[in-house]
Amino acid sequence: MKDFILTSLPFIIIGISVAVIIVNSNKNKETYISEGMCLGMSFGLLLGTSFGNEHIGLFLSLGMLIGEAIGSFIIKNKLANINQ
């Protein structure tokens, strides 16, 4: 049972992350999706190396997806024009 849960957990996380990204994708608003993706990859690599070198690619890709999903929630604020 433990092997099944550990095997299916990445697919569940991927499905949830893709659903969040699709729901939050709006062409008119700029979000921090690329920044979240970069930070997610960094934290995924950090977690992957701390648990051992067996699943670095898995943690890297899951971190990227989770960071991208979190970054799609945050909308960039447009700064006012200073010259006016």
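Each residue takes its place number in the sequence, starting with 1.
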Between [atom1] of [X] and [atom2] of [Y], what distance do you get to the nearest 0.5 Å?
X	Y	atom1	atom2	value
Asn77	Glu30	CG	CD	11.0 Å
Phe43	Cys38	CZ	SG	12.0 Å
Leu47	Ser42	CG	OG	11.0 Å
Tyr32	Leu39	OH	CG	12.0 Å
Thr31	Ile74	OG1	CD1	9.0 Å

Can you get from [X] to [Y] by hopping between Ile, Leu, Val, Met, Phe, Trp and Tyr side chains that sit under 4.5 Å apart?
X	Y	result
Ile66	Phe11	no
Met64	Val18	no
Leu9	Leu62	yes
Leu58	Leu45	no

Minimum heavy-atom separation for Ile33 and Glu68, please, with both atom names.
CG1-CG, 3.3 Å
So do the side chains of Ile13 and Leu65 get within less than 4.5 Å of each other, counting heavy atoms only?
no
